[in-house]
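Accompanying notes for the structure given below.
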Amino acid sequence: MGDSFQEQLIEDSAFLKADRRLDTELLDKLILQLNRIYPQILSDREATKFRNLDVPTSVRVGELLSHLQGKGEEACREFYRALHLHVEEVYYSLPTRLRLRDSLDPLAYPRVYQRRYVQNDRGPLFFLGCFSVAVGMALLYYYSEAKVTGGSRALGMAALGLKRKAQEVLIWYTEESLMK
């Protein structure tokens, strides 16, 4: 992981003191976890001191973190383990966890960059407009053969606003259907 747990705890201390998700109840769970499972890290007397409800939570968190930093690497690791066990959302939002997640080994986990292939920059309304024109032309072509005689004239009128090649095709189609 690079940094020791002690160094990580020093870096995460400001975040843990300021985070409102680490409330009194969750802090008590962390203290009891460290006290019951690892009494060499947090004795009964120390646990009682850190569970004092007369002291604000942020102050108690700061005192607990400085106490654990003084106890050494093992105490810091067990604090992170207890934090992961009881308060996952805080654990995964710690600055060191975010940094570790963002800086994964590039050889083990190659980053995948997604490219966005843009054929045109005109957007979805332009596509819908073009699609509507194409569908309209197809419907006019289909129905002009059977029943509608004004369809060929409509194609001739539609040709007025188009480019030269499209205009020639539509006018040719109009002239051909008028000759029939």
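- A cation-pi geometry, defined here as NZ or CZ lying under 6.0 Å from the six-membered ring centre and within 45° of its normal, does not hold between Arg81 and Phe5.
- Here Lys17 contributes atom NZ and Leu22 contributes atom CG; the two are 12.5 Å apart, rounded to the nearest 0.5 Å.
- Considering only residues two or more places apart in sequence or on other chains, Ser66 meets the side-chain contact (heavy atoms from CB on, under 4.5 Å) condition with none of them.
- Atom CD in Gln8 sits 12.0 Å away from atom CD in Gln69 (nearest 0.5 Å).
- Between Lys49 and Glu46 there is no salt bridge, since no side-chain nitrogen of the basic residue lies less than 4.0 Å from a carboxylate oxygen of the acidic one.
- Glu11 pairs by the side chain to side chain donor-acceptor pair (under 3.5 Å) definition with Arg99, not counting sequence neighbours.
- Partners of Asn52 by side-chain contact (heavy atoms from CB on, under 4.5 Å), not counting sequence neighbours, listed by chain and number: Asp54, Val55.
- Atom CD of Glu73 and atom CD of Glu78 lie 10.5 Å apart (nearest 0.5 Å).
- Applying the side chain to side chain donor-acceptor pair (under 3.5 Å) test to Arg60 and every residue at least two apart in sequence or in another chain returns nothing.
- For Gln40, the side-chain contact (heavy atoms from CB on, under 4.5 Å) criterion is met by Tyr38, not counting sequence neighbours.
- In this view, Asp28 satisfies the side chain to side chain donor-acceptor pair (under 3.5 Å) rule with no residue, not counting sequence neighbours.
- Within the 4.5 Å cutoff, no side-chain heavy atoms of Leu9 are placed close to those of Thr96.
- Using a 4.5 Å heavy-atom cutoff, the side chains of Asn35 and Phe50 are not in contact.
- His84 is linked by a ring-ring contact (aromatic ring centres under 6.0 Å, His included) to Tyr91, Tyr92, counting only residues two or more places apart in sequence or in another chain.
- Every side chain to side chain donor-acceptor pair (under 3.5 Å) that Thr24 has, sequence neighbours left out, goes to Thr57.
- Residue Leu16 holds its CG atom at 5.0 Å from CZ of Phe79, rounded to the nearest 0.5 Å.
- The stretch residues 128-138 participates, sequence neighbours left out, in no salt bridge (charged side-chain N to carboxylate O under 4.0 Å, His left out) pair at all.
- When hydrophobic side chains of Ile, Leu, Val, Met, Phe, Trp and Tyr are connected at separations under 4.5 Å, Leu85 ends up as a singleton with no cluster partners.
- Through ILVMFWY side-chain contacts below 4.5 Å, Leu32 is grouped with nothing and stands alone.
- Contact annotation: the side chain of Tyr80 approaches that of Arg97 to within less than 4.5 Å [non-hydrogen atoms, C-beta and beyond].
- Residues passing the salt bridge (Lys or Arg N to Asp or Glu O under 4.0 Å) test with Arg21, sequence neighbours excluded: Asp19.
- Side chains of His67 and Leu42 form a contact here, defined as non-hydrogen atoms less than 4.5 Å apart.
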